[in-house]
Amino acid sequence: QYEPLLSEKDLTRVDIGDGGDGIAPDDAESVDSPLPDDLTRDSLELPELSEPELARHYTRLSQMIYGIDSGPYPLGSCTMKYNPKFTEDVAALPPASVHPDRSERSVQGTLEVMYRLQDYLGRIGGMDAVTLQPPAGAAGEFVGIRVAAAYHEHNGEGHRDEVIIPESAHGTNFASAALGGYDVVSLPSDEDGRVDLEALESALSENTAALMLTNPNTLGLFERDIDEIAEMVHDVGGLLYYDGANLNALLGRARPGDMGFDVMHYNVHKTFATPHGGGGPGAGPVGVVDELAPFLPAPRVREGDQRTKSGEPTYELFEPEHTIGKVHGFHGNWLVLVKAFAYIARLGDEGLADASAKAVLNANYLASRLEYDVPYEPFHHEFVASAGDQDAADVAKRMLDYGVHPPTTKWPEIVPEALMTEPTEVESKDTLDRLAAAFNAVAAEDSETLANAPERTTARRIDQTSAARNPRLSWQALEEDES
Amino acid sequence: QYEPLLSEKDLTRVDIGDGGDGIAPDDAESVDSPLPDDLTRDSLELPELSEPELARHYTRLSQMIYGIDSGPYPLGSCTMKYNPKFTEDVAALPPASVHPDRSERSVQGTLEVMYRLQDYLGRIGGMDAVTLQPPAGAAGEFVGIRVAAAYHEHNGEGHRDEVIIPESAHGTNFASAALGGYDVVSLPSDEDGRVDLEALESALSENTAALMLTNPNTLGLFERDIDEIAEMVHDVGGLLYYDGANLNALLGRARPGDMGFDVMHYNVHKTFATPHGGGGPGAGPVGVVDELAPFLPAPRVREGDQRTKSGEPTYELFEPEHTIGKVHGFHGNWLVLVKAFAYIARLGDEGLADASAKAVLNANYLASRLEYDVPYEPFHHEFVASAGDQDAADVAKRMLDYGVHPPTTKWPEIVPEALMTEPTEVESKDTLDRLAAAFNAVAAEDSETLANAPERTTARRIDQTSAARNPRLSWQALEEDES
Amino acid sequence: MHGNETHAGSPYAPHTDEDRAAMLEAVDAETVEELFDIPGAVRFDDEFGIDARTERETRRLVRSILGRNDDLTELLGRGHYGYYVPSLVDHLADRSEFLTSYTQYQPEVSQGFLQALFEYQSLLVELTGLEIANCSMYDAATALGEAATLADRVRDATGYRVLVPEADLLREERRSTLENYVAGTDLEVESYPTADGNVDLAALEDAVDEEVVMIYAENPTVRGTIEEHLAAIGDLADANDALFTLGSDPVALSLLERPADVGADVVVGDASVLGLPTSYGMGLGLFATREDYLRQVPGRLVGASEDATDRRAFTLTLQTREQHIRRERATSNICTNQAWVALRTAIHAAALGPTGMVELANRGVRRAETLAERVDDIVGVKAPVHDRHHLREFVARVDQPARAIADDLERRGFAVHVVGEHEIQLCVAGVPDERLDAFAEALEGVVR
Amino acid sequence: MHGNETHAGSPYAPHTDEDRAAMLEAVDAETVEELFDIPGAVRFDDEFGIDARTERETRRLVRSILGRNDDLTELLGRGHYGYYVPSLVDHLADRSEFLTSYTQYQPEVSQGFLQALFEYQSLLVELTGLEIANCSMYDAATALGEAATLADRVRDATGYRVLVPEADLLREERRSTLENYVAGTDLEVESYPTADGNVDLAALEDAVDEEVVMIYAENPTVRGTIEEHLAAIGDLADANDALFTLGSDPVALSLLERPADVGADVVVGDASVLGLPTSYGMGLGLFATREDYLRQVPGRLVGASEDATDRRAFTLTLQTREQHIRRERATSNICTNQAWVALRTAIHAAALGPTGMVELANRGVRRAETLAERVDDIVGVKAPVHDRHHLREFVARVDQPARAIADDLERRGFAVHVVGEHEIQLCVAGVPDERLDAFAEALEGVVR
């Protein structure tokens, strides 16, 4: 079961140059360099292994990972969908990989994909202009915040220094607003789990730069008062930001742009099925209404005036008039964008709408099968159950023993011992039944069993305290620690 | 651990046409056909599952398989080498897949690869002409036998009806000769484990069509008297056939053509690292000396008279003068041939010679580490140890518990309780030490432990008798049996 | 340091200099060459003359050579089809556990592959209606050869005649391969007549006698027509104690008459019409037969059994039929087969599901008809030649020499079969609709 | 039957009609639409106008669009390089367990990925000589931005100045991204002068004062020169209690001065020079720093720990720095990062090994020199412009307008940078020798 570190299989030191004495030590390779010694390092010590050894190492490591192809992965707000295999093929097409400094003329294909994806996303979100540059959802939030700031500044309202965020929002909202230099005003929920309008009223002021909202919210509830919320925010001159993390609930049913949102980000690995890759890369395109378009990052893609000889449109990069500049060295996570484009082009209107329909049906069906209480409803694509007397984190560990991935736990805090569950549309009824059986089996177990879980996984419960108290973050540190 | 059959996940019956009564039954889909009912079947009943469900099914199945990327795979005579990943990429190139009925003019690339591979193989085996058509090693043997028959027939020697094969030869030798209509004359080994020259003398006669030999033989021993053997066979008018299964021992050190062999097959998945795919596809190209070339299967590839505008050679298919005809509907396992070509082109002279050197070194080193007795030597790329008092099949099962793949067992029978072991060149010293440790751990265990093995595998020891006595070869049969 | 890109030697042999030295010491040798026990007389002291290349250079070499293939739209079929293979098939079958494992001689660590092959066998059982399917032969032609040797083994009476369609309804390659397979037996391959793209039933009746051990027919025929006399052929074979061997493929079998229903004793064909791209003719021999012949079946069989804890498990079974045990008395010489292709076929079929499979076949009927109507409208072209139902493909008569038309079409980017001086054959399988439209236009231009 | 190719709906949602009916009944609804609690006023009743396509059609669409990209040999670098990525990297990283898993919030079922990221961190520790590396940022530009906010957090004294090279030695995109990252702070980004493709050390000394919180420099520079003043910059930063942030990449770090040895406090850069093809600029932000700043590091960290049976196990650690716990007081807003790219980089580095990595860098020195000599021989071209050592790339002066030369070269199949009215920049990374030869000939033809 255990796989040694690469460094435990081999460590070879390569001496660079002759180190001044012309003699290479016995236990190291020596490699000359055309550079003078004072511009080079002395040596490099890393594993030197063959292709067969590496193939086995990484194959073995892969077998110690639970992925979406292993079974259900109902992480609330993370929208872990099946990643269609063919999208990998299109991203692997040789012309998908060109250098970002190429002339626009020579990358018309790349620009066309970007143009079309901007267009698709605009239609889906009800937004007038889209940038594809942000390399992840949080980067998209930051772009939204920076765009809002630039907009207010441009209008002589640079004094606005507050961003209002519901308590139950994703942690990135707070961090992105803070990174943008804003003070965060935290907004409590009302007893139904939605935005408390009175609290919002008192939070809003002439200092309000924006309200960040996700809808459905993290409890899966649609903010039914969204019209009124939008009016309130706009009345004080603020902007309304849509966190796209939960967009998979609404495709073809409602659009942020129609709800009064001014700026939004899309999480392509959530809504458009690009693989999450164990942490990333994602992509967090940002859509805005016309008024904010001049502030988007540069460059964006538009159709050019000319046509090709065969009459096809041409595409060009351009800099929005009041652009905030760059938020990534080049064009963001391009290969991820290609996959998202392919996914949308595959599903089309009906497929996207069907995905949301079944995501919502699945969440409702799964909840109906659970012994755990689900305090807030009517929810959409996700729901938050309460583990009650059990520790939600222990529940999660124990679910691993049943061969399924647990939900997100202990968040949002409005639900005690929260089990935030989002099955997505890709699970069949059979799988949901199996998942529900796992939940219910754990619900019937005692706290000791839960505390000792997991028992059937590659590693047993891992000591987090020790990891943090005595950080060993590299094989070098580990070796030092063990010696 | 257990994965249900696809049919246990779903079985959907599709009725075709209206079955005459215009009413589709409740529990089935009904699909119309443009064909009249009397030309169509009534229904089709198979699993109807989604892509995410299938991805999980086959991912799970794959995780219940030990492959070369899982660890050492020292199956004697099977030469389970690491399969370089890049060869998959070249076989997946779109122009690698063309229809076999294309005009020669339009598939010059395909023909050039074939021509070059014919040439490579000829050089490596010391043969004058090569056909790539046989889709596996046994098919290659059969081609060799058919070519020999056609050659004798052509020379008015159709009376030759015997093929001589050493007792320790691969089972396919016997079966291929029999399929070709020959009587098999079995040849005992001498006490050194090699061909018994006296026995050969008495087996040879004017009825001898051919002697089939592998060298090194299945004990890993080089047939040192190969010169004399060739002379004896040729003296009675017979042909000498080389079974290429053990060619990985000799690359760059000796060539069948130079040893007096007239015809040989190559196992590309053994010698040239194409993946075995859980049983196939392989490829068994056949090389012959000039005298036999007119009898090879049709078509082969040769350079054409013309050159392209840019001066490149052109290639064409041709039918050898006295061809035996076809042994495959088209050109054999083409995608496998592309991989073999890429492997040879990657390694070149030095790489191929180095592969054999290290294959032989590895076998000798591994044997030197074992507690088990190795009665015959000096062996080359493989050796046959004896499990002594232990049951070799049980030894194999127990080795599975140590996380390694066991050797081929109980064969050749000349060694009691044979453990026929071939580590190949791709194993490192560390891996060989680990493999030896597994052998030695098992050597020290009692027969009960061995008889109960394996204990740590996906399935425990499987009942072969029950499988054969009550054959259930489909889910339909299984369902019937269980009902 | 091991042999990487910059060093001579195999890049896949992981020996460090240190390791090699230690290993040589352990085996008591100074050099590796000492370990080779090869007499000087047969030592090879020359070079092959093959250059080594980096991985990148090798990829570029192959890409550059294969780049010489023309990029044509292929309206080609005749027993080998280029259906679109879903991406899922590549991604799953390419998982290295599938790709890099050996034959399942240790079933305890091969359950996944065995189950996949068991499911493949079950697919064929459903498609054919026969009770037994093996887990692969090489291709359609060799499977036909194996069917003849099976007939030779199992038939009650003596006999030697193997009847196959005459040349217009049987690929020459299949017949030639069959001839090789029976060359070591007393069997003789003979043709029976055909009529308008189907078996000439009356002529076949005349040809059959007690010496016939097997009658072979295909459905659809190589000319794309659907065979209308299957049940009659089955009866004829039965009446003469001969085996009826039917050639087909999984797409055709999804829609056309079920072989068991027309009296077929053996079904052969190319199963890789699902799962593989055209691959210059690489195939997957489909082989199914009646339970009666279980112990005479060639090739590997996967069966269900139980393990020591009584859980269901799969294993290769009835191996006493096979060469590695029975040697010259084996039912076939086959050893390495096409297991991985069978896996691909099974995945492709599963991805289609029964609805998708029937629909794929139905589209083959409809689209062939549409194309035939379209080209029939062109002056100088008549299609289809045979007044029958077609699957996937059909023969068209052209007033001008067929060879010249095919050459012209090739210059315009289309490949078609030439099957007679004034006959071309057109197949729609795997060709997108817009390419068929473009083809019809090109043909119009060519014959104008 | 589920939504397959022939049916409307998501092909990846496996619901049969039967299932859907049963599920609706279980949730007590007649239709799925009932489950949507959306007020009529904000309901969307229109269409997006996006057509659905089959998988095959979608692949053809993307292939056809991307086919509009010209096939050029790219002599492009300037911080982003197209080294050959071994096939091994694709095959291993594409294993679906790696590709389709989430962030390792349940480490007990994520040990494989955690270990791979731990090994990636260790690789960076060796390359930089610094004690801590996180397991990825987005790219070089955003990592630079994060370095500045780190400097803002950790610096003892107050201060606001962030010093970066002037435009000729810093990509505008990096500076612009940095400006956005510090827009919410009191930091201000200022340029310091450069001289002959290196830092102008004297001018930098003049520019530094106590208000400086960070000095940024790159090695090699964006013009391909190797920076000769690193240790001096490190001393200068140290003397003024400013952080020295060095921009580099894993190939350069394999050969050039070790950052820890020249006093670097933070190393940023694009680690995906190993592991990813050019990918239109997709990257992997390298981020390493001193142990002192451990609790202020942005991004995820994988640490070793023990499980309940005391076996070594890996886990994300020090998560209290992160946004999902610390919210607006987090060290960064980063959540989704580039973990899978880090995996690819780790595999590529492992495939090269230390010998291969040093050799790759050495070849970048040698081949750039060779090309510079070659083009310097051309009348009307002088190369390199800077009399310094170069890695991978160099600037060449051309007598004719650089833009026109680049356009001409593009027509001949080569892409080069234009970095001044009479300056082009040429990079050898990933370009085969024979293409460099062809390029030199093309350039000769163009300037003739």
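Note on naming: letters A, B, ... go to the chains in the order of the sequence lines (proteins, then strands), and numbering restarts at 1 for each one. These figures come from a predicted structure and were not determined experimentally.
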Legend entry - Between A:Phe222, A:Tyr82, A:Trp411, the one whose heavy-atom pairs under 4.5 Å with chain D are most numerous: A:Phe222
Legend entry - Contacting region of D:Arg43 [heavy-atom separation from chain A under 4.5 Å]: both
Legend entry - A:Ile124 versus chain D, the contacting section by heavy-atom distance below 4.5 Å: both
Legend entry - Electrostatic pair A:Arg105:D:Asp407 at N-O distance under 4.0 angstrom: yes
Legend entry - Residue D:Ser136 versus chain A: region with a heavy atom under 4.5 Å: neither
Legend entry - Check ion pair D:Asp261-A:Arg41 (N to O, under 4.0 angstrom): no
Legend entry - Region of D:Arg59 that comes under 4.5 Å of a non-hydrogen atom in chain A: both
Legend entry - Segment of D:Ala140 engaging chain A (4.5 angstrom heavy-atom cut-off): neither
Legend entry - D:Leu255 portion near chain A, given a 4.5 angstrom heavy-atom threshold: both
Inset, instruction - Counting only heavy atoms closer than 4.5 Å, note whether D:Thr317 contacts chain A via side chain, backbone, both or neither. - result: side chain
Inset, instruction - Sort D:Leu127 into side chain, backbone, both or neither according to what part of it lies under 4.5 angstrom from a heavy atom of chain A. - result: both
Legend entry - Which portion of D:His417 sits near chain A, non-hydrogen atoms under 4.5 angstrom: side chain
Legend entry - D:Glu47 atom CD: more than 12 heavy-atom contacts under 6.0 Å: no
Legend entry - A:Asp38 atom CG, over 12 foreign heavy atoms within 6.0 Å: yes
Inset, instruction - Side chain from CB out, backbone as N, CA, C, O: work out which of these in D:Leu343 comes under 4.5 Å of a heavy atom of chain A, or both, or neither. - result: side chain
Inset, instruction - Identify which one of D:Tyr105, D:Tyr102, D:Phe98 satisfies the ring-ring contact (aromatic ring centres under 6.0 Å, His included) criterion when paired with A:His276. - result: D:Tyr102
Inset, instruction - Evaluate the ring planes of A:Phe142 and D:Tyr181, with Trp represented by its six-membered ring, and classify them as parallel (under 30°), tilted (30 to 60°) or perpendicular (over 60°). - result: tilted
Inset, instruction - Examine whether an atom of D:Leu92 lies under 4.5 Å from a heavy atom of chain A, and if so say whether it belongs to the side chain, the backbone or both; otherwise answer neither. - result: side chain
Legend entry - Ion pair check, A:Arg253 and D:Glu33, cut-off under 4.0 Å: yes
Legend entry - Region of D:Arg329 that comes under 4.5 Å of a non-hydrogen atom in chain A: neither
Inset, instruction - Under 4.5 Å heavy-atom distance to chain A, tell me which part of D:Gln338 shows up: side chain, backbone, both or neither. - result: both
Inset, instruction - Below 4.5 Å from any heavy atom of chain A, which atoms of D:Leu61 appear? Answer side chain, backbone, both or neither. - result: side chain
Legend entry - Sole residue of D:Gln111, D:Glu306, D:Arg312 in side-chain contact (heavy atoms from CB on, under 4.5 Å) with A:Ile462: D:Gln111
